[in-house]
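Here's the structure, in structure tokens; my notes come after.
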Number of protein chains: 2
Amino acid sequence: MNAGRTARERARAELTEEIKTAAREQLATVGAEALSLRAISRELGMVSSALYRYFASRDELLTALIIDAYDALGEAAEAAASGGDPVDEWIAIYAAVRDWARANPQEYALIYGSPISGYQAPQTTVQPASRVPLLLLGLLQRAQASGRLVTPPEAPAPSGVLAQQTEVLVALAPDVPPAVLVRTVIVWTQLFGMLSFELFGQLVGTMDPADEFFASASRQMAAFVGLS
Amino acid sequence: MNAGRTARERARAELTEEIKTAAREQLATVGAEALSLRAISRELGMVSSALYRYFASRDELLTALIIDAYDALGEAAEAAASGGDPVDEWIAIYAAVRDWARANPQEYALIYGSPISGYQAPQTTVQPASRVPLLLLGLLQRAQASGRLVTPPEAPAPSGVLAQQTEVLVALAPDVPPAVLVRTVIVWTQLFGMLSFELFGQLVGTMDPADEFFASASRQMAAFVGLS
DNA sequence: ACAGAACCGAGAGCAGTGCTCTTGACAGTG
DNA sequence: CACTGTCAAGAGCACTGCTCTCGGTTCTGT
């Protein structure tokens, strides 16, 4: 790195990173909606207006943080993908996603919580956002190839609009039967619903702490999609 | 109604309701985090400081809105509980929850989205918040009594901490086997994960519009907990 | 019936916010 | 050297939640 030519460009790249770091610190303490450009600038010893040389608006800073968060989560999940036993790998990915979410609750809320009002996520975010689902699809595709994926007999084959919608997923994991693909979306939503409930305090009083519950759910969801 | 004694008390109750109505309108247009007391007061033709006679703080107003939202959702779900065929009723409840969420996305985000930074939900919210899960538990309890609930053979009986945590739920639905109770929490998280993904735009590009997917998931989750 | 207490809305004011615009200094390039 | 583009700074605008004080109204106990 630091292949930037001029001193100006290098300084600019460094300061951009410093701003994001300070923003992430603020994110962790006060949350996304209370993220203040002035507070960031104060921490960096500069004046608030100077930040606008680096990020055109608060929203643009948020977009950068969102993309970084998706990438960090994707990286954590991918690092847990051993390529070994499909069920073990599935559970390892689940655990990695949960660990990341618990370690970075505000960044998790930023990407999987309620959308920030007035903020429209640009198209740039969809690629980083799809890293985790793609990882799970890839796992299923490989499991199918090695005969470790059995289509549950009670899983109904999608028809109508649903069949049409699964086409997108079929293109990504052609060997995985459509019924399993629908179930993959179900467990995908389950995973993040479970995490949101845990992090946002919806489980307090019942399944909190959720370690055991999460472990049980991981296993049962692996079985639900047909992994064995 | 209007059994309030003095004119002052009646006026106060009415104005409190008007404030909440105006707040809900604002909620629907600009979202929870941009909810502004000054804007509400402007709409009501009064001065911002006057609102503090009715709600001690913005947080207190939010708490009132949160409780109202939980109650509205609970009421919608309970209205859909026919008491007839368990599977039909299960699916009807799911549909009612989704309909309410789609009709009131900002109120949904208020209760199931990321927590508002600096805001601590008081104990008062947990009773209204538990109406939907209690409804599902009651349904399962009745289904068990009428022999329409079969414990899925592959469902592992909880042990350790998990068994201990299910005690709370066993107290509410004593006839439902613990393995099914754990699965109930799984589908509970799945339901709201699915709704959050649909409302927060995470499904765009795949399962959106989610009508068919939602219908399929409702049915599969009913089967997953053992309803037949 | 009337005094005192309780309640009410209005207004000014504080400290904070995102964002814009202008100004003057500096670095990189011809 | 001169020019061009970039930079941080500062003032300012319109907004926020919240506090306090000020008079006026309404209720309540005697």
Side-chain angles (χ1 to χ4, degrees), chain A residues 2-20 22-23 25-27 29-66 106 110 115-120, chain B residues 2-20 22-23 25-27 29-66 106 110 115-120:
Chain A
N2 258 353
R5 295 190 317 269
T6 74
R8 185 123 81 187
E9 278 172 355
R10 265 188 290 121
R12 183 180 179 83
E14 267 178 38
L15 233 175
T16 306
E17 210 50 52
E18 272 181 51
I19 292 170
K20 287 203 284 184
E25 275 171 28
Q26 249 223 306
L27 205 65
T29 56
V30 300
E33 68 209 73
L35 193 147
S36 149
L37 295 187
R38 288 176 123 106
I40 295 171
S41 69
R42 234 177 284 128
E43 184 144 343
L44 265 54
M46 54 202 299
V47 114
S48 71
S49 56
L51 289 187
Y52 288 83
R53 301 269 178 202
Y54 298 87
F55 296 96
S57 66
R58 201 184 99 112
D59 279 9
E60 200 168 285
L61 212 198
L62 281 176
T63 299
L65 293 177
I66 286 172
Q106 294 288 3
L110 189 61
I116 295 135
S117 98
Y119 172 82
Q120 179 80 304
Chain B
N2 259 355
R5 294 190 317 268
T6 74
R8 181 123 84 185
E9 278 172 355
R10 265 188 292 121
R12 184 181 177 83
E14 267 178 37
L15 232 174
T16 306
E17 210 49 52
E18 272 182 51
I19 291 171
K20 287 204 283 184
E25 276 171 28
Q26 250 224 306
L27 205 65
T29 56
V30 300
E33 69 209 73
L35 192 146
S36 149
L37 295 188
R38 288 179 122 108
I40 294 170
S41 69
R42 235 177 284 129
E43 183 144 344
L44 264 52
M46 52 202 300
V47 113
S48 72
S49 57
L51 288 187
Y52 287 84
R53 302 270 180 206
Y54 299 87
F55 296 96
S57 66
R58 202 184 97 114
D59 280 8
E60 200 168 285
L61 211 199
L62 282 176
T63 299
L65 293 177
I66 286 172
Q106 293 288 2
L110 189 60
I116 294 133
S117 97
Y119 172 83
Q120 178 80 304

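Just so we're on the same page: letters track the sequence lines, and every chain starts at 1. Since the structure is predicted, the reported quantities are computational estimates derived from the model, not experimental observations.
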| query | What string of B, S and - do you get for nucleotides 9-18 of chain D, 5' to 3', if B is base contact, S is sugar-phosphate-only contact and - is no contact with any protein heavy atom under 4.0 Å? | reply | BB-B---BBB
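The nearest whole Å value for the distance from the CD atom in A:E60 to the P atom in C:dT20 is 12 Å. If you measure from atom CD of B:E9 to atom P of D:dC27, you get 9 Å, rounded to the nearest angstrom. Distance, A:R10 CZ to C:dA27 P: 14 Å, rounded to whole Å. Atom-to-atom, CG of A:L61 to C1' of C:dT17 comes out at 15 Å; the value is rounded to the nearest Å. For the pair A:I40 CD1 and C:dG16 C1', the interatomic distance rounds to 15 Å; values are reported in whole Å. Taking atom CG of residue A:L51 and atom P of nucleotide D:dA8, one finds them 9 Å apart after rounding to whole Å. Here the C1' atom of nucleotide C:dT17 and the CD atom of A:E33 are 14 Å apart, to the nearest Å.
Scored by the side-chain contact (heavy atoms from CB on, under 4.5 Å) test, A:R12 finds A:T16, A:Y54 as partners (sequence neighbours excluded). Every side-chain contact (heavy atoms from CB on, under 4.5 Å) that B:R42 has, sequence neighbours left out, goes to B:R38, B:A39.
Atoms CD1 and CD1, from B:I116 and B:I66 in turn, are 5.0 Å apart once rounded to the nearest 0.5 Å. To the nearest 0.5 Å, atom CG of residue A:L62 and atom CD of residue A:E33 are 11.0 Å apart. Distance CE/B:M46 to CD1/B:I40: 11.0 Å, rounded to 0.5 Å.
At the heavy-atom level, A:Y54 lies under 4.0 Å from the strands shown only through sugar-phosphate atoms. Within 4.0 Å (heavy atoms only), A:L15 reaches sugar-phosphate atoms of the nucleic acid but no base atom.
For D:dC7, one of the phosphate oxygens OP1 or OP2 lies less than 4.0 angstrom from a side-chain nitrogen or oxygen of A:R12.
Side-chain atoms of A:T63 and A:F55, non-hydrogen and from C-beta on, never get closer than 4.5 Å to each other.
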